[in-house]
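Have a look at the structure below before the remarks.
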Amino acid sequence: MRHRKDGRKLGRNPKHQRALLRNLAISLVMTEREYSDKEIEDMKKDGAKPPKVPGRIVTTIEKAKEVKPLVEKCVTLARKAQKHLNAAIALETKADRGTSQWKAWRESPQWQEWNKTISPALALRRRAFQILGDKEAVSILFDKLGPRFEERDGGYTRILRLAKPRLGDAGTRAILEFVGENDRVKKKSVVPTVEE
């Protein structure tokens with residue numbers, strides 16, 4: 001009996017489950033990455049392709065339901081860090097690192113204040129890295145997704161069930177995507193008014 005044991009095993013041992021969910025979360029975040037022309041050419045040579053739609057992956061419905069809370073947690077960390085990062089930007093110096101102006105700022109009380117302001121954001125970034133384990137994914141999470149969802153209190157992803165099952169084992173496929181970019185907008189019909 002699995003009383004109070006929530007979550008799916010997905011036919012894997014616990015370490016494999018964690019690795020699978022981590023890789024799915026990284027894959028979803030990495031679809032937001034911007035590729036240069038050279039990187040796209042290199043990918044084509046290797047037989048790989050950049051994502052068709054940024055912020056979207058296709059997987060089974062069960063895997064999507066399991067990875068969704070992990071992705072939501074990571075985006076929440078990035079969203080919480082935004083207020084600290086915005087406050088720290090006001091205290092930063094415009095001087096280049098290593099210059100005499102930068103060194104003077106480094107010794108000033110303004111640097112102490114900047115350090116106190118940015119430390120919670122750094123702690124949140126480290127927590128996200130602990131969850132994901134990929135520096136590039138964490139930087140995309142905090143640089144692109146955090147500001148995008150700054151005003152949103154949860155519900156950053158959606159799961160859409162696909163009609164066609166997976167070839168081979170007929171597993172139910174689903175799309176896991178970030179909300180906001182690919183939203184369908186209902187068009188309101190205009191009702192003509194009758195003038196007398």
Side-chain angles (χ1 to χ4, degrees), residues 2-35 50-90 114-162 166 171-185:
R2 300 184 69 230
H3 293 304
R4 299 176 64 89
K5 302 270 194 296
D6 54 344
R8 295 168 178 84
K9 291 190 176 184
L10 301 172
R12 292 159 174 82
N13 63 33
K15 286 185 179 181
H16 195 172
Q17 291 169 32
R18 282 191 294 273
L20 171 79
L21 297 179
R22 179 181 284 179
N23 287 336
L24 281 171
I26 290 170
S27 297
L28 181 61
V29 171
M30 292 295 281
T31 58
E32 292 287 334
R33 179 177 172 222
E34 294 177 9
Y35 295 94
K52 290 180 184 176
V53 180
R56 176 185 285 182
I57 58 171
V58 178
T59 182
T60 63
I61 189 96
E62 292 82 8
K63 289 178 187 175
K65 286 180 179 179
E66 283 299 306
V67 78
K68 185 177 177 178
L70 182 68
V71 173
E72 300 262 343
K73 185 176 187 177
C74 292
V75 174
T76 300
L77 293 174
R79 190 180 68 82
K80 285 181 179 178
Q82 291 306 305
K83 67 177 180 180
H84 302 293
L85 292 171
N86 294 337
I89 287 171
W114 174 84
N115 198 3
K116 286 180 187 174
T117 306
I118 203 158
S119 61
L122 182 61
L124 290 167
R125 187 178 280 261
R126 287 176 176 162
R127 177 72 182 120
F129 180 74
Q130 186 181 20
I131 293 170
L132 292 178
D134 187 271
K135 287 182 182 178
E136 191 174 359
V138 170
S139 66
I140 291 169
L141 191 67
F142 279 74
D143 297 341
K144 290 186 77 174
L145 297 175
R148 186 193 304 173
F149 295 118
E150 191 171 5
E151 301 299 320
R152 190 176 181 101
D153 294 332
Y156 316 112
T157 57
R158 75 167 67 90
I159 297 173
L160 302 170
R161 187 183 298 252
L162 292 176
R166 185 167 60 184
T172 306
R173 294 186 313 152
I175 293 173
L176 177 65
E177 67 180 3
F178 290 113
V179 299
E181 295 294 310
N182 305 313
D183 289 350
R184 294 186 206 124
V185 180

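Everything numeric here is computed off the predicted structure, so don't read it as measured data.
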Subject >> Step-by-step side-chain contact (heavy atoms from CB on, under 4.5 Å) determination, I131 to L77 >> reply: CA-CA 11 Å; I131 293 170; L77 293 174; 3.9 Å; yes
**OP:** Just do the side-chain contact (heavy atoms from CB on, under 4.5 Å) check on T76 and F149 with the steps written out, would you?
**Re:** CA-CA 9 Å; T76 300; F149 295 118; over 6 Å; no
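Pairing each heavy atom of F142 with each of A121, the nearest pair is CE2-O, 4.4 Å. Residues V29 and A137 approach most closely at CG1-O, 3.3 Å, considering heavy atoms. Pairing each heavy atom of L132 with each of I26, the nearest pair is O-CD1, 3.2 Å. Annotation for A25 and V67: closest pair N-CG2, 3.7 Å, computed over non-hydrogen atoms. Taking both residues in full, the closest heavy atoms of G155 and R152 are given as O-NE, 2.9 Å, listed atom of the first, atom of the second, then distance. Nearest heavy atoms, I159 versus A174: CG2-CB, 3.9 Å.
R79 and Q82 share no donor-acceptor pair across their side chains, judged by distance under 3.5 Å alone.
Annotation: K80, atom NZ; neighbour count of heavy atoms from other residues, nucleotides and ligands within 6.0 Å does not exceed 12. In R126, the CZ atom is not crowded: 12 or fewer heavy atoms of neighbouring residues, nucleotides or ligands sit closer than 6.0 Å. Within a 6.0 Å sphere centred on CZ of R161, heavy atoms belonging to other residues, nucleotides or ligands number 12 at most.
Electrostatic pairing of D143 and R125 counts as a salt bridge here, judged by a charged N lying under 4.0 Å from a carboxylate O. A salt bridge between E66 and R8 is present, with a side-chain N of the basic residue lying under 4.0 Å from a carboxylate O of the acidic one.
The distance from the CG atom of L24 to the NZ atom of K68 is 14.5 Å, given to the nearest 0.5 Å. A distance of 11.0 Å separates OG1 in T60 from CZ in R173, rounded to the nearest 0.5 Å. Here CD1 of I57 is found 10.5 Å from CD1 of I175. Values are rounded to the nearest 0.5 Å. Here the CD1-CZ distance, from I140 to R33, works out to 6.5 Å after rounding to the nearest 0.5 Å. The CG atom of L70 lies 10.0 Å from the CG atom of L28; values are rounded to the nearest 0.5 Å. Here the straight-line distance linking atom CD of Q17 with atom NZ of K63 works out to 11.5 Å at 0.5 Å rounding.
For R158 (side chain) and E177 (main-chain N/O), no donor-acceptor pair under 3.5 Å exists by modelled atom type. Between the E72 side chain and the Y156 main chain, a donor and an acceptor come within less than 3.5 Å of each other.
Partners of R148 under the salt bridge (Lys or Arg N to Asp or Glu O under 4.0 Å) rule, at least two apart in sequence or in another chain, are E32, E181.
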